[in-house]
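Computed from heavy atoms alone, side chains included, the values below leave out hydrogens, waters and symmetry copies.
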Amino acid sequence: MTMLHTVNKSPFERNALDSCMSMANKGSKILLIEDAVVGAVDKNTHAEKIKGAMSDYTFYVLGPDLQARGIDEGNVIDGVNVVDYAGYVDLVAETDNVQSWL
Amino acid sequence: MTMLHTVNKSPFERNALDSCMSMANKGSKILLIEDAVVGAVDKNTHAEKIKGAMSDYTFYVLGPDLQARGIDEGNVIDGVNVVDYAGYVDLVAETDNVQSWL
Amino acid sequence: MKFGILVTEGPYQHQASDSALQFCRAALEKGHEVMRVFFYNDGVNNSTRYTTPPQDDRNIVNSWSELAEKHGIDLVVCVAAAQRRGIVDEGEAQRNGKDGNNIAEGFRISGLGQLVEAGIQCDRIVTFGD
Amino acid sequence: MKFGILVTEGPYQHQASDSALQFCRAALEKGHEVMRVFFYNDGVNNSTRYTTPPQDDRNIVNSWSELAEKHGIDLVVCVAAAQRRGIVDEGEAQRNGKDGNNIAEGFRISGLGQLVEAGIQCDRIVTFGD
Amino acid sequence: MAEPWEEDEGPVKKFMFVNRKAPYGTIYALESLEVVLISAAFDQDVSLVFVDDGVYQLKKGQTTDGIGMKNFSPTYRALEGYDIEKLYVSKESLEERGLSEDDLLVDVQVMSKSEIADLMDDQDVVLSF
Amino acid sequence: MAEPWEEDEGPVKKFMFVNRKAPYGTIYALESLEVVLISAAFDQDVSLVFVDDGVYQLKKGQTTDGIGMKNFSPTYRALEGYDIEKLYVSKESLEERGLSEDDLLVDVQVMSKSEIADLMDDQDVVLSF
């Protein structure tokens with residue numbers, strides 16, 4: 001089974017992304033939404049965490065939430081996929097289950 | 001001036017205590033309340049942070065919140081002062097200002 | 001595919017309700033079904049018709065009511081959570097001796113069993129919260 | 001000493017209201033004055049009389065009303081925050097076309113200026129939130 | 001014959017409740033427990049996971065008189081009576097907090113996060129409070 | 001003659017607003033700004049501090065059409081018109097996020113957290129959202 005894990009909290013503020021990555025099996029998909037999108041920015045001090053885990057997980061980030069926070073897609077870590085709400089729905093539909101790390 | 005800083009979030013969950021300690025001047029008092037009291041436990045992986053800062057700050061923890069979470073006062077880090085709500089009021093009154101790190 | 005949605009925070013304070021609405025709209029647009037939105041914890045505060053957001057702001061409560069009417073979505077507010085937070089319909093008002101009610105169009109108050117039932121009947125439960 | 005209290009979360013979901021109540025009680029017991037409690041953000045949800053918590057649980061709204069009456073504390077609910085969350089008194093109901101109101105005894109709806117004024121007049125402002 | 005929860009189809013689903021927050025600072029622990037109790041009435045296959053600060057929900061000796069809230073921790077002891085017996089606690093989360101199995105008020109299975117990950121992957125519905 | 005905010009006593013107090021959260025995920029940034037605007041009407045000595053994810057409140061280029069919320073960031077540009085000119089941003093918080101002063105939509109003073117600490121110690125009222 002493949003799971004989708006969603007994280008909605010900034011990795012600077014909370015442990016949700018760390019907690020998610022410590023319990024998501026290899027092959028899982030991880031989608032960053034809401035304030036969590038700030039974690040998808042390259043050159044920030046949490047970027048290495050995501051870069052280092054790219055062989056285990058496929059990462060996604062919600063575009064509308066990036067735009068709201070003024071983050072240019074060009075500054076997103078290479079290999080993190082930007083999706084819109086329709087893409088979010090597809091991710092939920094194409095995986096077997098979804099867990100929200102609140 | 002001496003400030004009182006209150007922190008109400010677990011250091012395992014959020015950056016509030018870190019943030020507080022990065023911006024509280026030496027001589028400040030730091031009071032842990034609500035879920036933050038779990039940070040006052042000796043032997044936990046965040047204890048060193050508080051132990052290492054004891055020369056800069058005086059630490060307090062709210063007893064009723066410790067008890068609610070089943071934490072024995074005997075397990076609190078040596079030198080962290082346990083106070084009740086009356087003691088909380090006194091801390092606010094005897095310092096010049098109070099900042100809540102939410 | 002049949003979705004169930006769980007919302008655990010009130011409107012405005014957290015983005016949860018907004019994200020849930022956007023997700024529902026996108027799912028419906030793709031031809032999926034949203035069987036039920038279950039409002040739990042502070043999520044029950046999505047269901048009060050007493051809100052009057054600023055005119056240049058979105059009206060989250062109305063958005064739920066309209067979406068539900070248009071697509072036949074069951075909006076269920078947990079009764080126990082609603083009692084703690086002051087959300088009442090006519091029946092609840094009568095039972096608890098309140099002199100009025102504040103539930104908005106399209107929402108109904110019911111038990112937590114409705115959440116478990118959604119879990120059983122839906123293909124996916126997606127949670128939006130703090 | 002004269003205290004002002006700021007509460008930024010609703011009752012039950014977060015401990016903020018409980019902590020604020022305990023702090024107020026302890027301050028009053030020590031002979032301090034609590035001039036005003038200002039309810040902002042989701043804190044406005046402390047002021048609805050429509051709550052019916054379980055019988056073996058505390059009633060936070062009533063606790064505020066009783067404390068205010070006993071000690072002459074001014075309980076102020078921010079009007080803008082209240083409009084977003086559905087807290088209305090008689091005047092607000094009339095102005096915004098609502099068919100009822102839900103504000104509890106001892107609370108009044110007013111502007112943010114009341115918070116700034118408390119900041120000016122009180123010796124300390126203590127904030128309780130998430 | 002297959003146990004109901006081994007069937008692919010049918011009314012019994014695997015529900016997992018993930019508890020990550022300390023009790024009392026927020027209501028999530030209490031209201032999560034309320035859902036758990038209801039799900040038992042639906043005869044579902046229910047698991048509870050306690051990770052991160054959620055392990056404090058099961059800490060012995062909770063005394064709430066001083067904060068004016070109800071101590072709901074005895075309810076965890078009642079879960080067995082509802083046939084809810086799958087309580088999993090993260091070993092890492094306990095250790096980080098200087099806690100051990102002896103500090104908990106109910107019998108649980110202590111397991112590594114990677115074991116919990118496998119269990120989670122095997123669920124039909126995961127609810128996190 | 002001393003400026004009002006240099007007096008020890010009197011109706012003018014030093015208010016500091018500490019903004020630590022990203023915008024839109026929660027309402028704190030917006031409702032903090034609403035208090036700031038009101039405090040200006042009271043002619044108080046107002047400072048705004050942006051630290052941690054709060055620095056994102058001042059990020060240029062916020063576009064909120066996609067999330068259906070109002071973009072309130074232009075209001076920060078209007079603060080000057082209310083004589084609110086003390087905007088302090090943590091250097092460390094910017095750096096950790098790969099941001100620089102050029103990314104911000106208003107003129108601010110970038111300073112270290114220890115400088116902000118000194119300012120905070122000097123306030124009459126500190127409000128944190």
For this session: Please work out whether the ring planes of C:His32 and C:Phe3 are parallel, tilted or perpendicular, with thresholds of 30° and 60°.
Result: perpendicular
Exercise. In terms of heavy-atom proximity below 4.5 Å to chain E, should C:Ala81 be classed as side chain, backbone, both, or neither?
Worked result: both
Exercise. Heavy-atom distance under 4.5 Å to chain E: side chain of C:Cys78, backbone, both or neither?
Worked result: neither
Problem set entry | Salt-bridge contact E:Glu95-E:Lys91 (side-chain N to carboxylate O under 4.0 Å) | yes
With no hydrogens and no angle check, do the side chains of [X] and [Y] hold a donor and an acceptor under 3.5 Å apart?
X: E:Asn71; Y: E:Tyr24; result: yes
X: E:Glu115; Y: E:Tyr88; result: no
X: C:Glu66; Y: C:Ser63; result: no

Seminar exercise, completed: chain E shares the most heavy-atom pairs under 4.5 Å, among C:Glu117, C:Arg84, C:Arg124, with C:Arg84
Exercise. With only heavy atoms counted, which part of E:Leu37 is less than 4.5 Å from chain C, the side chain, the backbone, both or neither?
Worked result: neither
Problem set entry | Region of E:Gln44 in contact with chain C, defined by heavy-atom distances below 4.5 Å | side chain
Seminar exercise, completed: Counting heavy-atom pairs under 4.5 angstrom with chain C, the leader among E:Val125, E:Leu30, E:Ile38 is E:Ile38
